[in-house]
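Here is the structure we will look at.
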Amino acid sequence: MIRLIDVQQEYDNGTKALKGVSLRIDDGDFVFLVGPSGSGKSTIIKLITAEVPPSAGRIMVNGYNLNTIRPSQVAHMRRTLGVIFQDFRLIEKKTVRENLTFAMKAVGASNRAIRERIPYVLKLVGLEKKGDRYPTEISGGEQQRVAIARALVNNPSMIIADEPTGNLDPQRSLEIMMLLERINELGTTMMVVTHERELVDQFGKRVIAIENGRVISDETGGYYRHDETI
C-alpha cells in the first residue's frame, strides 16, 4: 500500500513541486498518474522510492514509514518496488537473460532462484525465445518488455512504470499497456505515470490527475474528466 498524507515538497532552488498531496494506492490497484510536464509526477516517484525526503507530510510505502525509515532499511523497502523507465536502461553488453540475472544477483538471489524465476518472467513478457539476444538485437518494444521483466524478476509487490510507452509507436504502446494490465491481474500493484491521454482512455482504470503540485482529480474512467481543456 502507498499512502501520501498532505505531502509537500520544496527543492533547494525554491521550487514548490508538491503543495499538499494526499493519495492512497491499495494492494492490487491499477492507477494512472497523469499530468503535464512539471506537474509533480516525477517528484512523487522520487518520494515513493525514497530518493528524496518530503519537506512536510507523511509517506507510507508497503509497510515502511518513509518519515522515520533508517538508511539501512531503504534497500529493503526498494525491493518491494519494481521501476520501469522510459529509456529502458538495459546493459547493452549483457544478453536479455544476463540483464535479469544481474538484477537478481544484486539483491542476493540464489542460483536456484535465478534458474527458476527468469524463465517464468521471460515467458510472462513473451520473450522466452529471446533470452540469448543482446538489447541491440531486439526491437524497442521488446527492449521495453525486458525492462518490465527486470522490474518483475525480484517479485515486487508494486511496479512503478515511468512513461513506459514514451519511446514506442501506438501499437507497441497498446501492447505494453495490455501486458502491464495482465501483470496487475496476477496480483502486482501497478502505477503507470504517463501523459498519453488516448492510451489512458482505452483502459477505464483509476486516474489520479496532478497539476501544479496538487491533485485535481482522482476517479475511475478517463483522463482529466472534469476539465477537457487541460
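Side-chain contact between Arg197 and Leu199 is absent, with no heavy-atom pair separated by less than 4.5 Å. Met177 is not listed as a side-chain neighbour of Gln202, based on a closest heavy-atom distance of 4.5 Å or more. Looking at Met104 and Ile118, their side chains come closer than 4.5 Å, going by heavy atoms from C-beta outward. With a 4.5 Å cut-off on side-chain heavy atoms, Met191 and Ile48 count as touching. The shortest distance between side-chain heavy atoms of Val21 and Arg214 does not fall below 4.5 Å. You'll find the side chain of Pro164 reaches within 4.5 Å of the side chain of Leu180, heavy atoms only. Counting only heavy atoms from C-beta outward, the side chains of Met158 and Thr188 never approach each other to under 4.5 Å. Residues Lys130 and Leu122 fail the side-chain proximity criterion, which asks for heavy atoms closer than 4.5 Å.
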If you apply the rule salt bridge (Lys or Arg N to Asp or Glu O under 4.0 Å), what do you find for Glu175 with Arg172, and how did you get there?
CA-CA 5 Å; Glu175 291 174 1; Arg172 301 289 88 75; 3.0 Å; yes
Please report the C-alpha distance between Lys41 and Ile210 in whole Å, then the side-chain angles of each, then the deciding distance to 0.1 Å, and finally whether the side chain to side chain contact (heavy atoms under 4.5 Å, CB included) criterion is met.
CA-CA 7 Å; Lys41 304 188 303 296; Ile210 186 169; 3.7 Å; yes
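Here the closest non-hydrogen pair linking Thr49 and Lys46 is OG1-O, 3.4 Å. Val215 approaches Asp218 most closely through the heavy-atom pair CG1-CB, 4.4 Å. Closest non-hydrogen pair, Lys94 versus Phe102, comes out as CE-CD1, 4.0 Å. Nearest heavy-atom pair across Gly82 and Pro156 is N-CB, 3.6 Å. Nearest heavy atom pair, residue Thr220 against residue Gly204, reads CG2-O, 3.3 Å.
Atom CD of Gln86 and atom CG of Asp162 lie 7.5 Å apart (nearest 0.5 Å). Distance OH/Tyr64 to CZ/Arg78: 12.0 Å, rounded to 0.5 Å. To the nearest 0.5 Å, the span separating CD1 on Ile160 from CD1 on Ile44 amounts to 10.5 Å. To the nearest 0.5 Å, the span separating CE on Met77 from CG on Leu81 amounts to 6.0 Å. Between Met60 atom CE and Ile69 atom CD1 the span is 9.5 Å, to the nearest 0.5 Å. Expressed to the nearest 0.5 Å, how far CZ of Phe203 lies from CG of Leu174 amounts to 5.0 Å.
Under 4.0 Å is where a charged nitrogen must lie from a carboxylate oxygen, and between Asp29 and Arg206 at least one such pair does. Using a cut-off of 4.0 Å between Lys/Arg side-chain N and Asp/Glu carboxylate O, Glu142 and Arg133 are scored as not salt-bridged. Classification of Arg24 and Asp26 as a salt-bridged pair holds, one side-chain N sitting under 4.0 Å from a carboxylate O.
Although no hydrogens or angles enter the test, the distance criterion places no donor-acceptor pair under 3.5 Å between the side chain of Thr80 and the main chain of Ser157.
Few gaps surround OH on Tyr11; more than 12 heavy atoms of other groups in view lie less than 6.0 Å from it. The local environment of CD in Gln171 is crowded, with over 12 non-hydrogen atoms from other residues, nucleotides or ligands closer than 6.0 Å. Under a cut-off of 6.0 angstrom, the local environment of CG in Asn13 is crowded, with over 12 non-hydrogen atoms contributed by other residues, nucleotides or ligands.
Because its NZ or CZ atom is not both nearer than 6.0 Å to the ring centre of Phe32 and within 45° of the ring axis, Lys205 does not count as a cation-pi partner of that residue. A cation-pi contact, defined as under 6.0 Å to the ring centre and within 45° of the axis, links Arg89 to Phe85.
Side-chain contact, Glu10 with Thr15: no donor N or O sits under 3.5 Å from an acceptor N or O.
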